[in-house]
Amino acid sequence: MFGQDYIDYSDKSITYEAVVYPRVSDPKQVKKGSGLRSQEVRGKEYAKFLGIPVVKTFKEKGFSGKLLDRPEMLKLLEFISKPPTGVRYVVIIDEISRLARDYRIHFDLREAIEQRGALLDSPTTNFKAIRDADSNYVEGIQALGAQHFREKNAETARNRKWARLMDGYWPYKAPIGYKYKMSKAHGNILVKDEPQASILAEAFEGFASGYFSTQVEVRRFLENHPDFKGKRPDGTLRDQRVIDLITHPIYAGYIQCPKLGIPLKKGKHKPLISYATFEKMKKRREGNAVAPARKDIHVDFPLRGFVTCGDCGKPLRSCWSKGQYKHYAYYLCQTKGCESYGKSIRQHKIEGEFEALLKDMRPTKGLVTIIRNMFSEAWNQRLAQTNEIRKSLHRDILKLEKQIDGFLDRLVETTSPTAVKAYERKIEKLEKEKLLTSEKLEKSGTPKVPATDMLELSLKFLSNPCKIWNSGDINLQKLVLRLVFSERLPYHRNEGYRTPQVTVPFELFSSFDENCQMVRPRRLELPPVLPDSDLNAARLPVPPRPHNK
């Protein structure tokens, strides 16, 4: 059953005791497999067959055989280094690959065991108590076989991953926001994992648009979201984790693996964001120099950093002041040399006046009707332009492909290392331009959301921004500030808010006359002039109106 015995266990002058060493390299085998248990049982049964007791078992969980420093192996070596008087330990392994899958490491461990006066034995491999040239040769061949098996498995796995990547599939662990689903057409393919996918998409879009000023704000958004599962046990995220998320092209529908030589290419999975959004996030990271807002105070003071001092123009700070019975909230200017330096303004005063300012920014019912008509006509005109836009984008793609082919031809012909690098950089740049243009082409078709739904969503915000502000959600309040006002709000502690600079939609509200009508898309006639005026020559003819049939 166990082969020839090379060690004389019948010598009664020595007391032999067995130490069993089972090992598995894959962490999945620890949780789901039975490899550790099987090796332990076989080792104990072999010790029973030899007639020696098992005094200790060291289970190596999830450590590769190519590693020398393994936790349980180090404990085993320490244990066998101090045997009781008259006792000699025998280290039992299930097979030679359980000791190591590397030729050099195998013999390093073999010598470490022998130096401590112990023996190595196995039910499947013949080890001699005293090694000679022949036994070393056979043992070396077996150790090389174990190493070759490991390297071949790794090579096969790497080739399979390379092939999957080249075919547009992600072969590694599913990133947060995705999960694997078995498909007949694709095999294991990434699909969106909700609600994680929507949470990340919101974070990415917010950072790309400037809604989140810094990566710190992105981190806080994810940390504060109760449904986000990518946090550490204490509910926090490392800054590096956030960087890894926003720089991973997989969320834009692309895959890349430099260590396997895979360039950026289109994946078969559905993206969470567009590639254009991904590029915006990249540019914001490269040029982002905005200091993060303080975490302990920004929720209590939503206008902090947005409202400026009416005297010096610097953003007002905020603070809590402790009174005799409770705390009081204030805004104040902390710019030295300013007339308002250190003079506080009560929170309820400055924020109450701000809400009154928002309430005035509401269109009338008649104006809403005009906006609906304008939007509908503009929408129809936009749809009419779609085909021309698609044709133009298609021509741009063909032009880029022609340029890429031209640089590839030059790359093949050149022998100058400098020229090769220059051509490679140019090709990479053109490939990115092609990806962006292709993405625009894909998205230039018929809108997925009906025009009426988009209009109602916009009007809901435009008709009552104050209601959204009063929700108390700091993220929505920041959205109101950025969409309503084009510049920071100046506030004078005695006079209140100065004339605010608002965005175009709200500027129209203040200047719109309900009695006006939309101008039809026709050539305009110049107003009448005096008979002798030279402007008569500049008047343009107006085409006749078509007769109704």
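Keep in mind that the numbers below use all heavy atoms, side chains included, and drop hydrogens, waters and symmetry copies. Since this is a predicted model, take the numbers as computed values, not measurements.
Using cut-offs of 30° and 60° on the angle between ring planes, the pair Tyr497 and Tyr491 is perpendicular.
Residues forming a ring pair (Phe, Tyr, Trp, His ring centres under 6.0 Å) with Phe221 (at least two apart in sequence, or on another chain): Phe212, His225. Residues forming a side-chain hydrogen bond (donor to acceptor under 3.5 Å, both in side chains) with Lys268 (at least two apart in sequence, or on another chain): none. In this structure, the ring pair (Phe, Tyr, Trp, His ring centres under 6.0 Å) partners of Tyr172, at least two apart in sequence or on a different chain, are Trp170. Every residue two or more places apart in sequence or in another chain that forms a side-chain hydrogen bond (donor to acceptor under 3.5 Å, both in side chains) with Glu151 is listed here: Gln147. Contacts of Phe228 classified as ring pair (Phe, Tyr, Trp, His ring centres under 6.0 Å), with partners at least two apart in sequence or in another chain: none. For Glu428, there are no salt bridge (charged side-chain N to carboxylate O under 4.0 Å, His left out) partners two or more places apart in sequence or in a different chain. For Tyr180, there are no ring pair (Phe, Tyr, Trp, His ring centres under 6.0 Å) partners two or more places apart in sequence or in a different chain. Under the salt bridge (charged side-chain N to carboxylate O under 4.0 Å, His left out) criterion, Glu40 pairs with Arg37, Lys44, Lys59, not counting sequence neighbours. Under the salt bridge (charged side-chain N to carboxylate O under 4.0 Å, His left out) criterion, Glu487 pairs with no residue at all, not counting sequence neighbours. Take Tyr331 and apply the side-chain hydrogen bond (donor to acceptor under 3.5 Å, both in side chains) test, not counting sequence neighbours, and it matches Glu351. Residues satisfying the side-chain hydrogen bond (donor to acceptor under 3.5 Å, both in side chains) criterion with His148, sequence neighbours excluded, are absent altogether.
Counting only N and O atoms by type, the side chains of Gln347 and Tyr330 include no donor and acceptor under 3.5 Å apart. The closest side-chain donor-acceptor pair between Ser318 and Arg304 falls under 3.5 angstrom. Arg23 and Gln39 are not linked by any side-chain donor-acceptor pair at a separation below 3.5 angstrom, with hydrogens and angles left out of the test.
Within the structure, every pair that satisfies the ring pair (Phe, Tyr, Trp, His ring centres under 6.0 Å) test and touches residues 253-274, not counting sequence neighbours, is listed here: Tyr178-His269, Tyr254-Tyr275.
Screening Thr308, Leu316, Leu481 against Arg488 for a side chain to side chain contact (heavy atoms under 4.5 Å, CB included) leaves a single residue, Thr308.
A cation-pi arrangement, defined by a distance under 6.0 Å to the six-membered ring centre and an angle within 45 degrees of its axis, is absent between Arg110 and Phe107. Stacking of Arg164 on the aromatic ring of Tyr169 is recorded, both the 6.0 Å distance cut-off and the 45° axial limit being met.
Using a distance-only test at 3.5 Å, with no hydrogens or angles considered, a donor-acceptor pair links the side chain of Lys265 to the main chain of Met166.
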